[in-house]
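Numbering of ligands and ligand atoms starts at 1, following listing order. Please read these numbers as outputs of a predicted model, since none were measured by experiment. When reading the values below, keep in mind they use all heavy atoms of this one structure, side chains included, and skip hydrogens, waters and symmetry mates.
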Amino acid sequence: GQPRGQGRPSSSGAAVQRAPEAASPGEAGEDAEVNTRKKTFAEVQTERLEQAERTVLIKCPPKLNEKKLLQYLSSHGNIKSHFFFENWGIHALIEFSEKNSIASLQDAIGVPSAAEYHVVPFKSRLFNFMLKNPVSQAAEETLLHLSPQSHIPVKELIEKLCHADSISSQMYILLNEYQLTDENIKLRYLVCSLVQDFARAYFPDSTVKPFGSSVNTFGKLGCDVDMFLDFRDTQKHAAKMKKGPFDMEYQMKRLPSERLATQKILSVIGDCLDNFGPGCVSVQKILNARCPLVKFSHQPTGFQCDLSVSNSIAIKSSELLYIYGCLDSRVRALVFSVRCWARVHGLTNSTPGTWITNFSLTMMVMFFLQQRSPPIIPTLDQLKELADQKDKLVIGGYDCSFVSDLSKIKCTNNTETLDVLLGDFFEYYGNFDFRRNSINLRKGKEVNKPESSPLYIWNPFEQDLNISKNVNQPQLEKFVAMARESAWILRKEEKAQQMVNKQPWGLAALLIPFGKSNSNKMKNRMKGIGSETIRNLLDSLKLNNPNNLQKAVGK
Ligand code: CTP
Ligand code: MG
């Protein structure tokens, strides 16, 4: 096989991999990123949350002199970093070096005059910047560099992919176009920090932290911000107070269940965001869900947000995926390609339903990578063996311990290219015995299904939960059919690829809906093939169409 990454630096894939902790361009050289130790999940979170607390967001006029804005703000303290972006107007994210610069700024600025509306006097870290004399001041405008906060459309991506020289480089191109940028990550943490300001009005010890794809290294530009309200620091404090000859504790309101407490807290904070939160719109309280949450849209940053209350197991899943994503550059490249592929073919959907979620899909990719020989990523049980005392954690009776220090995990000897891995991924799941077997990342083995859900993926921590319980049989069959078709396209195209340069090839060919892309060509391909698999596949596709099913049963 070829070296992994096709000639890219294989030590860490740093040329193509943007770690969440990476410094913004210019802050540190690219080489520094290669050499620095990978931070633990907790280190990244602490650092980012602290950074967000030193950050403000300013809506700016369309024409503006960047230098003068910065000069004006600098009178309140040193500006550590900043960037501009467009979202219904120009915004500037300003990161001060010191938190108290924000208080100084807040003291110096005015509240809007309430001529027509009454303004709610809640002072947040969202500001409007205005020119006193727009006509003369606009003349001083400079060209602003706007940092993009969304990815390019698939059509444009496909064009770019066609110019690549291998499937592997296609996959890295997709990764680079879709992954979260350092700027976008800063915005995500800022939203959490703004919500935290509200939460702390009630619970001064609480924190609001992001989880899910915003932090697990698998987020793409435009994905939602999952955040949760954490009281864990409060509990730690309580444990300390119990030492000594006396016991003292807070008087606290008691409720019959944790769920009820969660619902009450979310209800109040949801109302607060709805009534007083600048830029918080479409606030929806979904308190009767299995995991109660408040959904809202944050206009200034453009994020769709889901706020829940401390969900330690979900955070552990995020950390586990973070570790897998950091271990080898091929991991993220493969996940991004598979997720994009699934979205194009309608296998995933932004609304909840019976389809596979990105989270399940990511777990399926992880499991596939555990099955390689030698494996590309370790099993969860192996990560548990590497855990030290401080990594020990039991949540609700489930052992959630695993190693947090990435340097303790041995690198894989597997050198398979992404070209091979992508094709084999589709082949593997195209032929997986879903009727009998389930996917278990803890053991890294296919095991008998404990119950009859069409797709069974063990929750790595709550071992009696299936994370893909929502998936129904037709959706699973569609996934299998698409995987087979894709495996077939890749195998078929491998050799012809270079010659037919004008047609989308490799990954690009997989990102065009199969029905739409020259269906004649596809029919011709099918004709020439005597393979049982393909014929069965066609039959199963026909049977999935209710009209054909009627014909088949003779009605
Ligand atoms: N989660 C879980 N079990 C599920 C669904 C979700 O534990 N059945 C947790 C996971 O930690 C997941 C997080 O909730 O990462 C957020 O869920 P979701 O937003 O659906 O997935 P993301 O991983 O954030 O992916 P996406 O980019 O689609 O938002
Ligand atoms: Mg999410």
Side-chain angles (χ1 to χ4, degrees), residues 20 41 45 150-151 175 178-180 184-185 187-189 191-192 208-230 286 289-298 301-325 331-332 335-344 346-366 380 395-396 398 400 402 438-442 453-472 475:
F41 182 74
Q45 280 227 315
S150 57
H151 61 75
L175 175 65
Y178 275 38
Q179 71 183 341
L180 302 183
N184 193 265
I185 293 171
L187 276 174
R188 286 169 186 270
Y189 275 89
V191 182
C192 293
V208 174
K209 296 176 183 168
F211 70 104
S213 59
S214 297
V215 296
N216 67 14
T217 74
F218 297 108
K220 78 166 191 194
L221 289 169
C223 71
D224 65 354
V225 182
D226 303 291
M227 53 177 92
F228 73 102
L229 187 56
D230 195 10
I286 308 171
R290 189 180 74 84
C291 178
L293 80 159
V294 172
K295 266 188 182 301
F296 65 97
S297 176
H298 191 255
T301 53
F303 290 128
Q304 176 61 47
C305 306
D306 282 359
L307 171 70
S308 50
V309 167
S310 190
N311 184 347
S312 326
I313 293 216
I315 262 285
K316 274 302 189 189
S317 306
S318 302
E319 178 172 359
L320 178 65
L321 288 179
Y322 169 85
I323 289 179
Y324 283 146
V331 177
R332 296 172 66 239
V335 168
F336 273 76
S337 289
V338 169
R339 279 185 169 202
C340 185
W341 165 85
R343 189 72 185 90
V344 163
L347 295 168
T348 52
N349 196 299
S350 53
T351 55
T354 55
W355 25 76
I356 302 180
T357 61
N358 276 331
F359 181 59
S360 295
L361 208 51
T362 308
M363 290 300 191
M364 289 171 84
V365 176
M366 296 308 123
L380 182 50
I395 305 169
Y398 298 103
C400 300
F402 60 89
S438 63
I439 291 166
N440 188 318
L441 280 102
R442 178 168 283 283
S453 301
L455 174 62
Y456 198 105
I457 305 172
W458 299 72
N459 182 311
F461 302 108
E462 283 167 284
Q463 282 279 300
D464 38 6
L465 281 186
N466 172 11
I467 63 164
S468 51
K469 208 180 169 62
N470 63 311
V471 177
N472 66 11
Q475 284 300 324

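- Near S317, meaning under 4.0 Å from any of its heavy atoms, are these atoms of ligand 1: 11 (O).
- Protein heavy atoms all stay at least 4.0 Å away from atom 20 (O) of ligand 1.
- Taking each heavy atom of F461 and Y398 in turn, the nearest pair found is O-CD2, 3.3 Å.
- Protein heavy atom closest to atom 5 (C) of ligand 1, with residue, atom name and distance, is F359 CD2, 3.7 Å.
- At a heavy-atom cutoff of 4.0 Å, ligand 1 is contacted by no atom of F218, backbone or side chain.
- Nearest to atom 18 (P) of ligand 1 among the protein's heavy atoms is D226 OD2, 4.1 Å.
- Interface of F211 with ligand 1, defined as ligand atoms under 4.0 Å from a residue heavy atom, comprises 13 (C), 14 (O), 16 (C).
- For R339, every heavy-atom contact with ligand 1 shorter than 4.0 Å involves the side chain, none the backbone.
- Between F336 and F218, the ring-plane angle classifies as tilted under the 30° and 60° cut-offs.
- Of the protein's non-hydrogen atoms, the one nearest atom 28 (O) of ligand 1 is N358 ND2, 3.0 Å.
- Among the atoms of D226, an N, O or S atom falls under 2.8 Å of the Mg ion (ligand 2).
- Every atom of ligand 1 with a heavy atom of C223 under 4.0 Å away is listed here by number and element: 27 (O).
- Protein heavy atom in closest approach to atom 15 (O) of ligand 1: G212 CA, 3.3 Å.
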Worked verdict on F303 versus H298 for ring pair (Phe, Tyr, Trp, His ring centres under 6.0 Å): CA-CA 5 Å; F303 290 128; H298 191 255; 7.9 Å; no
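- Among the atoms of N459, none of the N or O lies under 3.5 angstrom from an N or O of ligand 1.
- Put simply, CG on N470 and OG on S468 are 7.0 Å apart, with the number rounded to the nearest 0.5 Å.
- When only interatomic distances are considered, the shortest N/O to N/O separation between A314 and ligand 1 falls below 3.5 Å.
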